[in-house]
Amino acid sequence: MAFFMQQVVNALQRGSFYALIALGYSMVYGVLMLFNFAHGDVFMVGAYIGFFVSSGLLALSAVGFLSLPTGVTLALVLVLTLIISMLLNSVVGMLVERIGYRPLRGAPRASAAITGLMIGIILETSNLALLGAQRRSFPDLIPGETIHVLGVNITPKKIVIVAVSLLLMFGLHLFVRRTKWGMAMRAMAYDYVVVPLMGVSINTIALLTFGLGSALAAAAGILYGVAYPVLDPYMGVLFGWKAFVAAIVGGRGSVLGAGLAGFLLGFIEIFVAAFLPSTMRDLIAFSIILVILTFRPHGFFGEPYSAQLRL
Amino acid sequence: MLLSVENLAVSYDRIKALHGISFEVEEGEIVCIIGANGAGKSTTLRAISRMLPVEKGTRMTFGGQDLLSYPADKVVSELGVSHVPEGRRLFANLTVMENLKLAAFARTDPRGIERDMERVFGIFSRLKERIGQKAGTLSGGEQQMLAVGRALVSARRLMLLDEPSMGLAPLLMRSVFEALEGINREGTTILVVEQNARMALHFAQRGYVLESGNLVLEGRSEELLANPEVKAAYLGG
């Protein structure tokens, strides 16, 4: 039982990363009918931004340039790192949209897919060129002793990671459901073409969507860096693909679906690795996903959309 | 002159849909463009609301402004031209209220928005009863009311209406057109395109006849209703 609960705790942490990244894929797919294949690399960029922001803040406070209250220094650095990096990475996402995708609006789907892959490669290789091949180790922002609860090992890291992820997802859910900007995103998910007739600029909503997704990816990158402190330029590739699959399983444009599917993928992976050789992990995880998609080709909760593609 | 269209030409994939048509709409008028299916009626409206690229040589002005220098969303939010598209195109996944709020997205006058919403509910009281319902669950008539309501909230100098009679039972159609007359009396200029020529000509003061991308006739509605060619081609003899 303790072993089982331990896996649940581990799965919640892993699922948090997938869920946060999957949301970015899902929103862009929902609102713009576009797979942003660069999103995994935007997650990587977010992790690096987080690395530089947190290292910078720690260095500033170490030399006394920035006076942070003792006792909560690291917590404060974490919060500041999250806020600053999410803002910076949303700018990265908006640039990807503005430079990479906007000129291709109305172009065949394949052009956008190729562009996404290219932007991903550019982000990876420019990271390599600018920062060199050495890996970076993320500062430990959430230290603390492991707590043992009924034989289950829980670290403060895990609690914070899962809590921050859930909080961000809930925030996004409220944004999409309750604000007029979220309403415009849902409208665009349903009928992209007719949105300008409401006086709403498609370009603005596209930027917003990319910005939000990239901000969440930055949060995922920071939390990932806290959990697995080694960053490298290709960290977003496989991770991004997996989150992309979670987004598809969750259903186009669905915040709840992407969140649930992200956690589901985390659970499958952790439990397969717990009971079977870990080399089987991806094989089995993706086989289960394929079975799910066979029975629910549109995923769990896809947003409905109009079949009319032109006015 | 509120709207002036000169030499409007549009092509879809190198096939000409409009061959350089010219027409005008005065402030306060109701003008109709009638024509058969495929004559280019919807294309005309889409070009005015900047949803379609136009060919070189086209000139369009609205209230003295060069229409071609505005993107589609600014035609609505800055010039005040609303467009009720073919097939209504409501956001079926949003509620009635959300559809109306979205139409007010770019407006920054909360009081004016509230007043216009009240006006919509005054004209179409059935919408008020369905305020929290998803637009996809409305009947055809209610959907048309919401489409017109949405246009009223988004902009109200000029309303472009694409086949408002489509899919409506005669009685309902009449009440929608009566509502539109009321909207016009309150100051909104209307340009309507219709296949139902009789309905359109009774509704409008002036009309144009569009045939395969060319305007072939124009005149006051009474003249067109009495015109033997129009009678034979569009009014069932």
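To find a chain, count down the sequence lines: A is the first, B the second, and so on, and within it residues start at 1. Only heavy atoms go into these numbers, but all of them, side chains included; no hydrogens, no water, no symmetry mates.
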Q | Pairs satisfying ring pair (Phe, Tyr, Trp, His ring centres under 6.0 Å), at least one member in residues 87-112 of chain A, at least two apart | A | A:Y101-A:F210
(Q) Test your reading of the model: is there a side-chain donor-acceptor pair from A:S90 to the backbone of A:L87, 3.5 Å cut-off? (A) yes
Q | Proximity breakdown for B:L102 and chain A, heavy-atom pairs closer than 4.5 Å | A | both
**Q.** Axial cation check for B:F105 ring with A:K180, 6.0 Å and 45° limits
**A.** yes
**Q.** B:R119 and B:E114 ion-paired at < 4.0 Å
**A.** no
Q) Is any side-chain N of the basic residue among B:R107 and B:D116 closer than 4.0 Å to the acidic one's carboxylate O? A) yes
Q: Would you mind checking if B:K134 and B:E98 are paired as a salt bridge, meaning a charged N to carboxylate O distance below 4.0 Å?
A: no
Q | Geometric class of the A:F244/A:W241 ring pair [parallel <30°, tilted 30-60°, perpendicular >60°] | A | perpendicular
Q. Hey, which of A:V194, A:V200, A:T204 has the most heavy atom pairs under 4.5 Å with chain B?
A. A:V200
Q: Name, in order of residue number, those residues of residues 31-65 of chain B that have a heavy atom at a distance of less than 4.5 Å from a heavy atom in chain A; otherwise write 'none'.
A: B:R46, B:S49, B:M51
